[in-house]
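Okay, structure first, notes after.
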Amino acid sequence: MPLPATIPVEDFLAPPERAGASISPDGTRIAFLAPWKNRLNVWVQDLTPGADARCVTADETRTVQDYRWTEDPRWMLYLQDDGGDENWHVFRVDLDDPDADAVDLTPFPGARVLNLDQPPQRPGTAIVQLIGREGNAFELHELDVATGELTLIAGGTDAVTGWRYVGDGSLLAERLTGNGDIELRQTVPGTGELRHVTTFSGEDYPLAVFPFVVTPDGTGVWFGSNRGTDRTRLAHLDLATGEESEVDSHPSFDLDTRALVFTKLPPPLIRDRRTGELLGARYLGERQVVHALDPHFAEVLPNLAALSDGDLAAISSDRDGRRWVVSFTHDRDPGVTWYYDHQTGERRRLFRPHPHLDPDLLAPTTPVTITARDGLALPSYLTLPVGVEPAGLPMVLLVHGGPWARDTWGGDRTAQFLANRGYAVLQVNFRGSIGFGKAHMRAAIGELAGKMHDDLIDAVDWAIAEGYADPDRVGIFGGSYGGYAALVGVSFTPDRFAAAVEYVGISNLVTFLDTVPEFTKPSLGMNWFRYAGDPNDPAQKEDLLARSPISRVDDIRTPLMVVQGANDTRVVRAESDQIVDALRARGVDVDYLVFEDEGHFFVNPENLITMFRAAERFLGAHLGGLVHED
């Protein structure tokens, strides 16, 4: 049976017609992202069916990714960086004056907003955490949304790696101890002192304690805890006593903590818009499970879930919890967005982000479990092309970043794009991936280019043994850590892959750790130093280099495509330059794309289209997949 017609790259990667919708606090309007001058900008529309929408931001250079309603119907906030450098600024839009320019409320060159909260108990106020205004000091500011006035409320304290607003003049400070643990302290009002609350094990939290949300009454914190257990549950920390108690848990799934790394994903805690109290918690295994933690939300949740056979993604409601706007994660219909009125029972689909993509022509994604050679279970996802016998196919091993992240069911446009080109696509939650318990994560310690790579090879062998993949036509494709994994694949196991595509990938672990942003370096002991090695120790530095693809560049003979954002501050351009230069010095031809207006995460549609067109041709030439002909 022949494959169905290929879908143009633009249909997968052009800006969505609409996306990212949320309802206003008063329940009368929705905001969403939609194209304006080929960049996603914020639009606002009355909820009345057929009402006209108007664009309220005007960014011509870079897509807007993050906006926030405020309690005042006049003001809206959004965050934007410069060309992907991740130095986020907070901008304010006047919804009552369409002709007014957006105002930069954090106009500090080189500064980066790390967090923006609007405490329900402080309407009209936002709490802004930023770094870079005064060296590498973490600062907390109170922002008056209407006037734009910023008031410094904390900052400049040595060893503090983050501040949290509690209320009533009290703050929480996070400090790293000498052995990489995270100490939580609270300010004593009127004294300037910091008193000890509790300490979290750095081994349990390689990146940060997440979620971490101060309760509305300011007496405690809701957080993700795995203290004494393998799985991450929802717990409460009493700030007065330091005592921890369980709030909720799932018998076999972790809390969904992906939003720690990918901040645009929905948070694990669903909260009341008016009060900030808990409504629900998200857990993630093969698919998502949402636990209702509030009686009213327990009534609403089944009605929301019934709107789609996907997993609930973004959830917003008005202040009264009556009107809701929700979107869904789905393997073949991602982002479909609905409106629901709990009082009247009204429900209507608002939009599909890509209405031109027929879900019936897209490929189902199936959870599978693969057993590694040492017996570790590897939760994975297999996406097979539609309309062809799933046997002896060219296959692409699609490797996620992080490595403290995970693959999930649904919504991966790269997997769908590759499946449409006739490839079987395999995504593997190798050891070190989060969301499968501490033991699964810690099994990666000391195993970069070791057992972490063995897991990927074992997954390829599984796909071949199951008959899905042609052993001579297997490629590897990944970004960030996934880019490193792709380079490891072609340098440590040069005979296993027929082609490799890597973007913003690490080629040299030593130079990578030397060039990460300065403010992240104190926390490296919790993650990269513990899992990979400390370059300040000569023996560990030597081992880091030995686990780096650059040390085996002479073994690379697999066709390779490298893609880099010039403004990347996480994996700087030199990581790609050095591997490409070394290969070209040997006379090896490397496809190399550099985008001058991108950073670590590519968002501009013309760049995404260029990259994937090039990848389509490259993989087609070396693996034999389909190439769309205009």
Side-chain angles (χ1 to χ4, degrees), residues 20-23 66 117 205 207-215 221-226 229-236 246-273 275-317 321 324-331 334-338 340 365 367 379 381 400 402 404-412 429 433-438 440-441:
S22 65
I23 195 167
D66 189 349
D117 286 325
Y205 300 97
L207 299 181
V209 180
F210 186 80
F212 189 97
V213 176
V214 178
T215 60
V221 170
W222 295 309
F223 73 104
S225 174
N226 51 32
T229 66
D230 186 57
R231 293 292 179 176
T232 299
R233 61 190 183 277
L234 176 58
H236 176 270
E246 182 174 307
V247 176
D248 187 60
S249 63
H250 188 281
S252 54
F253 295 170
D254 281 5
L255 274 175
D256 180 5
T257 60
R258 293 173 299 151
L260 172 61
V261 176
F262 302 105
T263 57
K264 309 305 183 292
L265 291 176
L269 303 187
I270 303 166
R271 300 170 63 202
D272 187 286
R273 186 169 206 159
T275 68
E277 293 291 346
L278 278 177
L279 298 181
R282 302 173 190 264
Y283 297 87
L284 191 59
E286 291 182 348
R287 297 277 299 271
Q288 178 185 254
V289 173
V290 178
H291 285 180
L293 304 176
D294 168 85
H296 176 67
F297 188 62
E299 295 177 1
V300 172
L301 179 59
N303 296 315
L304 299 179
L307 298 172
S308 167
D309 60 351
D311 292 345
L312 277 165
I315 300 174
S316 64
S317 75
W324 300 76
V325 169
V326 297
S327 63
F328 288 86
T329 298
H330 198 284
D331 57 348
V336 60
T337 300
W338 285 77
Y340 168 69
T365 296
Y381 295 91
H400 70 69
W404 302 281
R406 60 160 289 173
D407 284 312
T408 58
W409 174 85
D412 192 310
N429 284 305
S433 303
I434 64 169
F436 306 98
K438 288 191 297 189
H440 188 90
M441 181 178 67

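Along the sequence shown, residues carry numbers from 1.
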Return yes if a side-chain donor-acceptor contact under 3.5 Å exists between H400 and S433, otherwise no.
-> yes
Partner set under side-chain hydrogen bond (donor to acceptor under 3.5 Å, both in side chains) for S327, not counting sequence neighbours | none
With W404, which residues qualify under ring pair (Phe, Tyr, Trp, His ring centres under 6.0 Å), at least two apart?
-> W528, Y531
Side-chain contact, heavy-atom cut-off 4.5 Å: D117 with V214?
-> no
Which residues share a side-chain contact (heavy atoms from CB on, under 4.5 Å) with S249, sequence neighbours left out | R233, E246
Which atoms form the tightest heavy-atom contact between A313 and P266, and what is the distance?
-> C-CG, 3.4 Å
List the atom of D309, the atom of H330, and the distance in Å for their closest heavy-atom pair.
-> OD1-NE2, 2.7 Å
Could you tell me the separation between the CG atom of L265 and the OG1 atom of T408, rounded to the nearest 0.5 Å?
-> 8.0 Å
For S316 and R273, the nearest pair of non-hydrogen atoms, with its separation, is CB-NH1, 4.4 Å
With sequence neighbours excluded, tell me which residues meet side-chain contact (heavy atoms from CB on, under 4.5 Å) with F253.
-> H250, Y283, V289
Tightest non-hydrogen contact, residues A21 and T337, listed as CB-CG2, 4.1 Å
V209 versus G224, closest heavy-atom pair with distance = CG1-O, 4.3 Å
Who are the side-chain hydrogen bond (donor to acceptor under 3.5 Å, both in side chains) partners of Y381, not counting sequence neighbours?
-> R406
To the nearest 0.5 Å, how far apart are OG1 in T215 and CD in E277?
-> 7.5 Å
Note, T365 side chain near D412 side chain (heavy atom, < 4.5 Å) = no
Can you name the residues that form a side-chain contact (heavy atoms from CB on, under 4.5 Å) with P211, not counting sequence neighbours?
-> L255, T257, P268, L269
What distance separates T229 OG1 from K438 NZ, expressed to the nearest 0.5 Å?
-> 6.0 Å
Verdict with reasoning, I270 to L312, per side-chain contact (heavy atoms from CB on, under 4.5 Å) = CA-CA 11 Å; I270 303 166; L312 277 165; over 6 Å; no
Mind checking the CG-CG spacing from D311 to L284? Nearest 0.5 Å is all I need.
-> 7.5 Å
Hits for side-chain hydrogen bond (donor to acceptor under 3.5 Å, both in side chains) against S225, two or more places apart or cross-chain, chain-then-number order -> E244
Rounded to the nearest 0.5 Å, how far does OH of Y340 lie from CG of L304?
-> 7.0 Å
Non-neighbouring partners of R231 that pass salt bridge (Lys or Arg N to Asp or Glu O under 4.0 Å), sequence neighbours left out | D254
Between the CD atom in Q288 and the OG1 atom in T329, the distance rounded to the nearest 0.5 Å is 7.0 Å
Closest non-hydrogen atoms of Y205 and N226, given as atom of the first, atom of the second and distance, are OH-N, 3.7 Å
The side-chain contact (heavy atoms from CB on, under 4.5 Å) partners of L260 (sequence neighbours excluded) come to L207, A208, F210
Is a side-chain N or O of D407 found less than 3.5 angstrom from the main chain of N429, in a donor-acceptor match?
-> no
How about H291 and L234: do any of their side-chain heavy atoms sit closer than 4.5 Å?
-> no
Identify, with sequence neighbours excluded, every residue that meets side-chain hydrogen bond (donor to acceptor under 3.5 Å, both in side chains) alongside H236.
-> none
Got a sec, which residues hit salt bridge (Lys or Arg N to Asp or Glu O under 4.0 Å) with D331, two or more places apart in sequence or on another chain?
-> none
Partner set under salt bridge (Lys or Arg N to Asp or Glu O under 4.0 Å) for D248, not counting sequence neighbours | none
Residue among L301, D272, I315, L293 satisfying side-chain contact (heavy atoms from CB on, under 4.5 Å) with L279 | D272
